[in-house]
Asks: 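I'd like to ask you about the structure that follows.
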2 protein chains.
Amino acid sequence: MSTPAIHSDALAQKLADSGLRNTPQREFVYDALLKKRDHPTADEVYARVKTQLPGISLATVYNCLETLVQCDLVRAVNFERAPTRYCPNQHPHAHFHDESTGSTHDIELPPGLLAKIKGILPPGYDAEAIELTFRGKAPPSR
Amino acid sequence: MSTPAIHSDALAQKLADSGLRNTPQREFVYDALLKKRDHPTADEVYARVKTQLPGISLATVYNCLETLVQCDLVRAVNFERAPTRYCPNQHPHAHFHDESTGSTHDIELPPGLLAKIKGILPPGYDAEAIELTFRGKAPPSR
DNA sequence: TCCTTCTTTAGAATTATTCCAATTTCAACT
DNA sequence: AGTTGAAATTGGAATAATTCTAAAGAAGGA
């Protein structure tokens, strides 16, 4: 088969749930995110996918990434005004931006912390999403 | 006197500490942030300051805001890829983005929460800054 | 005052992202 | 199998926030 199979068809399922079509472009884009989980930018995803789908356009990469975000398979990660990065990690997690390397690390959240954080909101505030981001120096990666 | 005086010269002090000059442009920009604490964008600050300093340029507003951020008098607040907003609140606080109105609210943090959040970092991670952002529906403002 | 440095300014440049109009694809229905 | 209509892709143009640049303007110290 010509399409990647890393994702065990979670993609096809989620797309179907949203009434969207599964396409090779979407498969390869999602696959690129799963294969190298280094929070690539759209440009980086474009470069990686182009090696396998040479005809894909940057606009399509943006479209696919947006679709994956809509389907809750991928999170868009913004840090200051740097290009948006994309993350296929489904678990609740924070992000740590290493200033010296420019790299982004996932930080898993202990259970209950999100609820506790939500608890600081004054009455009447209803949070749909919480973003927790650190900036600083990360340990050298192994 | 012609320069605003809301800020009790914290500005002059902080600028001096950093070896920078105090200028009318910097005073008026800082004053605009203090007078209406609604997290304006650079464009909005530009419009407000221009009523008092008609000759100021947008580039200068950007320069002044950047300087204020460097001096730790102002925080730059980013949400997704919307234009950067500026906040003169010095206390540790989170931000709540109301999706329907586009407004940004400060959420004061209970003492100890930042330390607790910092505690979830694996050994070796050294966080210089923490950003906590909510997205959702805020109560109608009084 | 002169000199040096910092600051401001207008406009050009940058760049991530979105928009657009024209194909192409594809599933559903004859 | 052929038709159809909506969805998806494509290349290129457009957008918009921000930064850059080069020149002119202020300001403090010798």
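Letters A, B, ... are given to chains in the order of the sequence lines, protein chains preceding strands, and every chain is numbered from 1. As a basis for the values below, the full set of heavy atoms in this structure was taken, side chains included, without hydrogen atoms, waters or symmetry mates.
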Asks: Do side-chain atoms of A/S18 reach the backbone of A/L20 as a donor and acceptor pair under 3.5 angstrom?
Replies: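 Pair absent, no side-chain N/O of A/S18 close to backbone of A/L20.
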Asks: Could you go through residues 76-84 of chain B and list every donor-acceptor pair under 3.5 Å that involves a side-chain atom there, pairing it with any protein atom two or more places apart or in another chain?
Replies:
{"residue": "B/N78", "atom": "OD1", "partner": "B/T84", "partner atom": "OG1", "Å": "2.7"}
{"residue": "B/R81", "atom": "NH1", "partner": "A/A82", "partner atom": "O", "Å": "2.8"}

Asks: Taking only distance into account, with no hydrogens and no angle test, what donor-acceptor pairs under 3.5 Å do side-chain atoms of residues 43-50 of chain A form with protein atoms, sequence neighbours excluded?
Replies:
{"residue": "A/E44", "atom": "OE1", "partner": "A/T41", "partner atom": "N", "Å": "2.8"}
{"residue": "A/R48", "atom": "NH1", "partner": "A/D38", "partner atom": "OD1", "Å": "3.0"}
{"residue": "A/R48", "atom": "NH2", "partner": "A/D38", "partner atom": "OD1", "Å": "3.4"}
{"residue": "A/R48", "atom": "NH2", "partner": "A/D38", "partner atom": "OD2", "Å": "2.8"}

Asks: What closest approach, in Å, do A/R37 and A/P88 show between heavy atoms, and which atom pair accounts for it?
Replies: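 In this case the closest contact between A/R37 and A/P88 is NH1-CG, 3.8 Å.
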Asks: Find every protein N or O atom lying less than 3.5 Å from an N or O atom of nucleotides 3-7 of chain C, and list the pairs.
Replies:
{"residue": "C/dT5", "atom": "O2", "partner": "B/R21", "partner atom": "NH2", "Å": "2.9"}
{"residue": "C/dC6", "atom": "O4'", "partner": "B/R21", "partner atom": "NH2", "Å": "3.3"}
{"residue": "C/dC6", "atom": "O2", "partner": "B/R21", "partner atom": "NH1", "Å": "3.2"}
{"residue": "C/dT7", "atom": "OP1", "partner": "B/R21", "partner atom": "N", "Å": "3.0"}
{"residue": "C/dT7", "atom": "OP1", "partner": "B/R26", "partner atom": "NH1", "Å": "2.6"}
{"residue": "C/dT7", "atom": "OP1", "partner": "B/R26", "partner atom": "NH2", "Å": "3.3"}

Asks: Between D/dG25 atom P and B/I56 atom CD1, what is the distance in whole Å?
Replies: 17 Å
Asks: Might you point out which heavy atoms bring A/R26 and A/R21 nearest each other, and give the distance in Å?
Replies: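 It is NH1-O, 2.6 Å.
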Asks: Could you pull out every donor-acceptor pair under 3.5 Å between side chains of residues 120-129 of chain B and any protein atom, sequence neighbours left out?
Replies:
{"residue": "B/Y125", "atom": "OH", "partner": "A/H105", "partner atom": "ND1", "Å": "3.2"}

Asks: Quick check on side chain to side chain donor-acceptor pair (under 3.5 Å): which of B/D106, B/T104, B/N89 does B/H95 satisfy it with?
Replies: B/D106
Asks: Rounding to an integer number of Å, can you tell me how far B/L65 CG sits from D/dT18 P?
Replies: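 Going from B/L65 (CG) to D/dT18 (P), I get 10 Å.
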Asks: Which letters describe nucleotides 13-20 of chain C, given B = protein heavy atom under 4.0 Å from base, S = only from sugar-phosphate, - = neither?
Replies: ---SBBB-
Asks: Compare every heavy atom of A/H93 with every heavy atom of A/R75, then report the nearest pair and how far apart it is.
Replies: NH1-O, 3.1 Å
Asks: Please state how far atom CG in A/L15 lies from atom P in C/dT25, giving the value in whole angstrom units.
Replies: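 Taking atom P of C/dT25 as the reference, CG of A/L15 is at 19 Å.
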Asks: Counting C-beta onward and ignoring hydrogens, is there a side-chain heavy-atom pair between B/R135 and A/E131 closer than 4.5 Å?
Replies: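 Counting from C-beta outward, B/R135 and A/E131 never come under 4.5 Å.
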Asks: Whole angstroms only, please: what is the CD-C1' distance between A/E27 and D/dA8?
Replies: 14 Å
Asks: Within the structure provided, determine whether B/L11 and B/L68 are in side-chain contact (heavy-atom separation under 4.5 Å).
Replies: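 The answer is yes, as the side chains (C-beta and beyond) meet within the 4.5 Å cut-off.
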Asks: Mind listing the residues from residues 95-103 of chain A sitting with a heavy atom below 4.0 Å of DNA chain C? Number order is fine.
Replies: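 Those residues whose heavy atoms fall under 4.0 Å from DNA chain C, taken from residues 95-103 of chain A, amount to none.
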